[in-house]
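So the structure is just underneath, and the comments pick up after that.
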Amino acid sequence: MHPYIRDLETSPLLLFGLLLLGGMASGEASRRLLNLPRTTGYVLFGVLLGNSGLQWIDPYILGSAQFFIYPAIGLILFELGHRFPLSGHGLDRKLILLSLAETGAVFVLVTTTLLALDFGLAGGLFAAAIAVSTSPAITIATSSDVGAEGPSTDRLFGLVALNGCIAFAAIGVVVPMLAASGATEAGPGYLDAVAHILVSLLLGAGLSFAACRAAGWLGRQAEHQHLMLLGLVVIGTGLPLSLDMSPLLTLLTFGIGTRLADRHNLVVAIRIASDARVFLVVTFVLAGAALEVGLLADYWAAALAFALVRFGARWAALHVAGRHFGVAPRTAFFTAVGLLPMSSVALVLLGDAGPLDGGVGPALDGTLMGAIVLMQLLGPICTQVAVRGFGEARRYVARRTRLSNGALLR
């Protein structure tokens with residue numbers, strides 16, 4: 001091995017700088033040269049350096065990066081929750097019913113499909129719980145890059161948030177079933193899983209109350225409020241982990257709760273795509289580095305079936321239910337496309353089950369990892385296509401238009 005590569009492996013700080021600058025350059029090249037989302041460039045740069053490429057990123061570095069990745073996911077989930085669309089009376093009941101309809105369809109069809117593929121009921125339900133979730137990082141980053149604003153984009157954000165709440169809670173309940181089937185080691189029981197959900201909701205509500213009170217005391221000073229919110233996000237990450245709980249539901253509840261409780265708009269939220277983009281870039285690069293592209297080649301048939309059924313269930317449910325909630329068929333289709341991305345949150349959910357090394361575990365792990373690889377690589381493009389389909393991409397410029405406009409070329 002070249003001495004410089006050995007230096008990278010032994011110097012996490014040097015590697016971090018390479019990931020940050022290389023990821024940024026790859027994102028800009030992706031956007032300017034290919035008119036693809038920057039997030040696609042970030043992920044591809046991670047794939048190039050990681051397990052499926054040059055293998056410059058040592059597994060130890062990926063493991064130790066959890067200290068960085070969890071706060072980054074926390075900021076992403078907080079922003080997602082804080083951008084939750086509200087009606088005049090608080091939570092939008094139509095949006096909640098729409099989410100229940102499409103997540104219910106995903107659970108039924110994905111579970112049925114995996115039962116047909118001999119993964120068992122527990123394996124099917126576990127896969128369905130992961131299928132319900134959509135990558136908030138890809139949704140936020142890609143929407144920000146194309147300047148997405150409008151009611152359909154707001155609806156997309158709301159569905160991503162609600163689907164995340166359902167997925168995070170469902171994983172806690174399904175993992176004991178997975179352990180009972182022998183696919184993974186024994187974990188918390190059903191009562192513990194329900195207790196973890198309730199504690200997560202309470203912690204998220206407590207953090208929301210603290211954020212609103214602190215914002216009133218600090219005033220609308222972004223530099224001070226951002227420091228306060230970052231501290232609360234870190235607490236919302238570290239406290240559940242210290243209790244052997246997943247922090248995902250706590251962090252998303254924190255964002256939604258702050259949105260509901262902040263009636264006087266005192267909270268100056270952190271926008272990760274602008275205020276803390278360093279977290280976004282490194283998170284995508286590290287997620288790309290952790291991908292095992294070979295698993296997609298090994299389990300492509302099951303992974304593709306999983307992805308297609310996941311999309312078809314959402315499209316059908318949104319098309320049918322949308323008629324009753326004022327969602328046009330075209331908008332329903334592009335919303336289903338926008339709900340396709342899977343990324344670091346799906347990897348965390350998959351990791352929450354522990355090693356899938358018994359029974360159908362290895363095949364289930366390979367199928368889900370293959371689907372995550374596929375949806376991580378195609379996800380940013382799906383979000384961009386969805387927002388363009390809504391007609392709400394204000395900063396998107398078609399490549400052919402750029403090439404024909406001399407002023408833009410200059």
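- The aromatic rings of Trp315 and Phe311 are tilted relative to each other, their planes meeting at an angle between 30° and 60°.
- The nearest pair of heavy atoms linking Phe168 to Leu349 is CD2-CD2, 3.8 Å.
- Pairing each heavy atom of Ala371 with each of Ala303, the nearest pair is N-CB, 3.6 Å.
- Residues Leu95 and Phe325 are not in side-chain contact: their nearest non-hydrogen atoms beyond the backbone lie 4.5 Å or more apart.
- With a 4.5 Å cut-off on side-chain heavy atoms, Arg83 and Arg271 count as touching.
- Going from atom CZ of Phe390 over to atom CZ of Phe334 covers 8.5 Å, rounded to the nearest 0.5 Å.
- Under the 4.5 Å side-chain criterion, counting only non-hydrogen atoms from C-beta, Leu350 is in contact with Phe126.
- In this structure, the side chains of Thr142 and Thr40 stay at 4.5 Å or more apart for every pair of heavy atoms.
- With hydrogens and angles disregarded, no donor-acceptor distance shorter than 3.5 Å links the side chain of Ser144 to the backbone of Ile140.
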Would you sort out whether Leu218 and Met228 count as a side-chain contact (heavy atoms from CB on, under 4.5 Å), showing the intermediate values?
CA-CA 9 Å; Leu218 291 170; Met228 175 268 294; 4.0 Å; yes

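- Among pairs with a residue in residues 105-124, none fulfils side chain to side chain donor-acceptor pair (under 3.5 Å), at least two apart in sequence or across chains.
- Between Val278 and Leu20, the shortest heavy-atom distance links the atoms CG2-CD1, 3.7 Å.
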Run the side-chain contact (heavy atoms from CB on, under 4.5 Å) test on Leu229 and Val267 for me, step by step, so that the C-alpha distance in whole Å, both residues' side-chain angles and the decisive distance to 0.1 Å come before the verdict.
CA-CA 9 Å; Leu229 290 172; Val267 176; 4.1 Å; yes

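- Thr139 and Thr383 form no side-chain donor-acceptor contact under 3.5 Å, judged by distance and modelled atom types alone.
- Side chain of Gln221 to backbone of His226: no donor-acceptor contact under 3.5 angstrom is found.
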Show your working on side-chain contact (heavy atoms from CB on, under 4.5 Å) between Ile76 and Leu280 and close with a plain yes or no.
CA-CA 8 Å; Ile76 291 164; Leu280 201 62; 4.1 Å; yes

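- The heavy-atom pair separating Phe119 from Ala363 by the smallest distance is CE2-C, 3.6 Å.
- Rounded to the nearest 0.5 angstrom, Asp365 CG and Leu295 CG are separated by 7.0 Å.
- Heavy atoms only, all atoms of each residue included: Ala167 and Ser133 are closest at CB-CB, 3.8 Å.
- Taking CG of Leu100 as the start and CG of Leu162 as the end, the distance is 8.0 Å to the nearest 0.5 Å.
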Could you go through the salt bridge (charged side-chain N to carboxylate O under 4.0 Å, His left out) check for Asp262 and Arg213 one step at a time?
CA-CA 9 Å; Asp262 185 24; Arg213 293 298 299 268; over 6 Å; no

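- A distance-only check finds no donor-acceptor pair linking the side chain of Thr103 to the backbone of Val132 [under 3.5 Å].
- A donor-acceptor distance shorter than 3.5 angstrom exists from the side chain of Thr134 to the backbone of Leu339, with no hydrogens or angles considered.
- Side-chain atoms of Glu392 come within 3.5 Å of backbone N or O of Ser152 as a donor-acceptor pair.
- Heavy atoms from other residues, nucleotides or ligands lying under 6.0 Å from CZ of Phe209 number 12 at most.
- The side chain to side chain contact (heavy atoms under 4.5 Å, CB included) test with Thr237 is passed by exactly one of Leu239, Val233, Val234, Ile235: Val233.
- For the pair His82 (side chain) and Ile256 (backbone), a donor-acceptor distance under 3.5 Å is absent.
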Walk me through whether Leu340 and Leu378 qualify under side-chain contact (heavy atoms from CB on, under 4.5 Å).
CA-CA 9 Å; Leu340 278 172; Leu378 298 181; over 6 Å; no

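- Residue Phe284 holds its CZ atom at 5.5 Å from OG of Ser135, rounded to the nearest 0.5 Å.
- Once rounded to the nearest 0.5 Å, the distance linking OG1 of Thr283 with CD1 of Ile73 reads 6.5 Å.
- Judged purely by atom type and a 3.5 angstrom limit, Thr253 has no side-chain atom pairing as donor or acceptor with the backbone of Gly204.
- Nearest heavy atom pair, residue Leu252 against residue Gly164, reads CD2-C, 3.9 Å.
- With sequence neighbours left out, the side chain to side chain donor-acceptor pair (under 3.5 Å) criterion links Arg259 to no other residue.
- Separation of atoms OG1 (Thr258) and CD (Glu79) is listed at 13.0 Å; rounding is to 0.5 Å.
- Val348 is listed as a side-chain neighbour of Tyr70, based on a closest heavy-atom distance under 4.5 Å.
- For the residue pair Ser343 / Gln376, a side-chain donor-acceptor distance below 3.5 Å is found, with atom types taken as modelled.
- Leu191 CG: 12 or fewer foreign heavy atoms inside a 6.0 Å radius.
- At a threshold of 4.5 Å between non-hydrogen side-chain atoms, the residues Arg310 and Met375 count as touching.
- By the 4.5 Å heavy-atom criterion applied to side chains, Val146 and Arg394 are not counted as neighbours.
- Glu102 is linked by a side chain to side chain donor-acceptor pair (under 3.5 Å) to Asn163, Arg314, counting only residues two or more places apart in sequence or in another chain.
- Looking at Thr331, its side chain never comes within 3.5 Å of a backbone N or O of Val327 through a donor-acceptor pair.
- Side-chain contact between Phe157 and Phe84 is absent, with no heavy-atom pair separated by less than 4.5 Å.
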